[in-house]
Structures are given as structure tokens and as C-alpha cells.
Colleague: 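The structure that follows is given in the form of C-alpha cells.
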There are 2 protein chains.
Amino acid sequence: MDLDRIDFELLRLLRKNARMANKELAERVGVAPSTALERIRRLREARVIQGYHADIQPKALGITLQAIVAIRLTQHTRALVDSFREHLLQLSEVLAFYHLAGADDFQVHVAVQDADHLRDFALSAFAQRPEVAHIETRLIFEYRRGDELPIYVQSADD
Amino acid sequence: MDLDRIDFELLRLLRKNARMANKELAERVGVAPSTALERIRRLREARVIQGYHADIQPKALGITLQAIVAIRLTQHTRALVDSFREHLLQLSEVLAFYHLAGADDFQVHVAVQDADHLRDFALSAFAQRPEVAHIETRLIFEYRRGDELPIYVQSADD
DNA sequence: TTTGAAATACACAATGA
DNA sequence: TCATTGTGTATTTCAAA
């Protein structure tokens, strides 16, 4: 699928505010509402838009502490890496994970209620597992995500 | 602000799908549409809901490579850290950053078009700056974010 | 606070350019 | 592929409980 300027603009607007009404999206990009609706439907279908998510303030959920847990595995077979990924996806403390090339195989962004919770979680979810060779926990002072499209819109023709 | 079970449920639904219609949100949590609207308005106002963002497939934007750049600063004065944060926020290649306790002061999640772009960017945006003592770049094989609320909903009374 | 009802605005589909 | 139009549905406001 290739995208023109209007598609990029729709993506940019939806990244900024995923709840913007279709009518307003249409106005801002300069097409009819039905056109915007159809384009967005297709972007969704083509999985260019992967989802829409609300960002929730961690403190409101009782989260006072966030950390990155860097993990080294004992082996790097496909089966072991895949099963470790699946394990990560099931943990409610895991906000996100990175599978990396480098000394650390994974970096896991975790959110916990307090230091006790972090210790218990790091031990039971990671350190205790046989495929984990080494873990290192780094406290997060601040985490911030951008809400702009990461790449400048290339001036693609229509 | 404290939240009851209905608020948590609204947050959970909006985290899963930020474009869910208000009427459906209301039905699912068992209140009238006008009530759902009012509750969400207040959650937004109290900044419990910080925003709504579409997730865009990186490849559709011409991004083929993502990396974490770990950065150590030369000093750790407030002024220097703050100005470095500001610098990060202005870079379109930066998807997110972590300010950490630990040897690495920052980890920056970056998205680039190719390896050349990564090298140029790492050099010009980071390595070249006088406040940066050391950088290390780690390729990302996979990045994945959860779309569930991180903490199990505490059974708070209403 | 929540609600139902009224008015307003919107989404969506069909049609035709 | 887009805009127009029409219809049904949703959003939003507000007065009352």
C-alpha cells in the first residue's frame, strides 16, 4: 500500500488525537467526510493503523515506580526466545518490551506499585526462570513518548 | 481524584480501543451515554486520561530500523539534564525516551530509515554534543507495547 | 452524580460524477 | 476515487430527580 499526502496527514492527526471526529479529520485534510472515512477504513484494513490507545496516568492506577529490566538469556534458540516473548506478554506489569541485538537480549519496561512489588516481580517473573542467565534492573525517573509521526512526511505525489 | 470500578472499566476499554463510540462504552460499563460522556470528560480534565493516540505501522512511514541509544552525560546538573530532555523532544526520530537511574542516564528509542540514517543521526544528535560523554547504540529486533491496563483493577468501592 | 429526552451533529451507504 | 445527498444513529446539552 502506498500513501499520499492526505493519508499521511490523516495519520498525523490520528496520532495526535485518536478520538478526533471523522468530520473534523475530513475538514482538516481537505476532503469530504465520506472520503476520510473510506481512507481511514482502508488504512486500518491494511494495518497501517494498528490501533488506537488511550494514555493513562500511571499514578491513577496506583503505579508509583517504573523500571527497565535488562535480561540475558542462557541460550538463543528460536524456541526459547519465542517462549520468553510469550511469557512477557502475559505479565500485567509489563508495559512494553524490546528484543535487542546486543549483550542484553531483552529490555522490559515494567510498572509496579512500589519497591517491594518490583523486587517480588523481578524475582518471580525473571530471575527465577531457568532460561534467564542474568537480569539488571534500572529505575526510570521519567518516561516520555512523542505524539508526532517519527519521520517527516515525504512529499509523495498523489 | 479517586476512581471507582466504572472509571477503571472506562479506562480499560479506552486503552484497548480509544475510538470506541461513547454509546458502546456506556453500554459496556452499564451507565447512560450521558454519564459515560461526563465521566470521561472528568477523567480527561483530571489528566487521568492523558491523550488518545493511533499506533502507526513503522514500515508505512519508511522506517526500517529502530534502535535504543544509551547515553551518558558528562555532568548531572539540573540545567544540563533539562536542556538535554528538551533537545530529545525536538528530534523527530525520537519515539520515546527514558531518563534513568544508573550508568546510562538516558535511553532513547529512535526510528530511522536505514543504517546510514542511524549513523548520521546518532552522530549529529548525540555524539557531537558537548554534554554527551558516551553513547551506545543497540538495534531493536522487536518492540511491543501492551494494550491492557498495567495493574489489576483494585476492587475499590464506589 | 445520574438520567432521559430533545436538539444538534455525525456516521455511513448509496449514488453519480 | 471523490463529493453529494439522505437516512438512521450518535453525541451532547440540560432540566429534573
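Order of the sequence lines fixes the chain letters, A, B, ..., with proteins taken first and strands second; residue numbering starts at 1 for each chain. Remember, predicted model here, so these are calculated numbers, not experimental data.
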Colleague: Any base atoms under 4.0 Å from A/Arg42, or only sugar-phosphate, or nothing? Heavy atoms, all strands.
Modeller: sugar-phosphate

Colleague: So, for B/Tyr52 and A/Tyr52, is the gap between ring centers shorter than 6.0 Å?
Modeller: no

Colleague: If we ignore angles and hydrogens, is there a donor and acceptor under 3.5 Å between the side chains of B/His109 and B/Tyr98?
Modeller: no

Colleague: Is there a side-chain contact between B/Tyr143 and B/Arg145, using heavy atoms and a 4.5 Å cut-off?
Modeller: yes

Colleague: How many whole angstroms separate atom CG of B/Leu25 from atom P of D/dA10?
Modeller: 12 Å

Colleague: Between A/Glu24 (CD) and D/dT11 (P), how many Å, whole number?
Modeller: 16 Å

Colleague: Ignoring hydrogens and angles, state whether a donor on the side chain of B/Asp105 or B/His76 is under 3.5 Å from an acceptor on the partner side chain.
Modeller: yes

Colleague: Between A/Glu38 and B/Asn22, which is nearer to the 5' end of DNA chain D once each is assigned its nearest nucleotide?
Modeller: A/Glu38

Colleague: Do we see a donor-acceptor contact under 3.5 Å between the side chains of A/Glu93 and A/His117?
Modeller: yes

Colleague: Got a second to check how far A/His87's NE2 is from A/Arg129's CZ, nearest 0.5 Å?
Modeller: 4.0 Å

Colleague: Could you say whether B/Pro33 or A/Val31 is positioned toward the 5' end of DNA chain D, judged by the nucleotide with the nearest heavy atom to each?
Modeller: A/Val31

Colleague: Between D/dT9 atom C1' and B/Leu37 atom CG, what is the distance in whole Å?
Modeller: 15 Å

Colleague: Counting just side-chain N and O atoms, does A/Arg39 come under 4.0 Å of either OP1 or OP2 of D/dC2?
Modeller: yes

Colleague: Tell me, please, the opening and closing nucleotides of DNA chain C, 5' to 3', among those with an atom under 4.0 angstrom from a non-hydrogen atom of chain B.
Modeller: C/dT1 to C/dG4

Colleague: Rounded to whole Å, please give me the gap between CE in A/Met20 and P in D/dT11.
Modeller: 17 Å

Colleague: Give the rounded distance in Å between these two atoms: CG of A/Leu3 and P of D/dT1.
Modeller: 13 Å

Colleague: As a test of reading the structure: which of D/dT4, D/dC14, D/dA10 is closest to the side chain of B/Lys23, going by heavy atoms?
Modeller: D/dA10

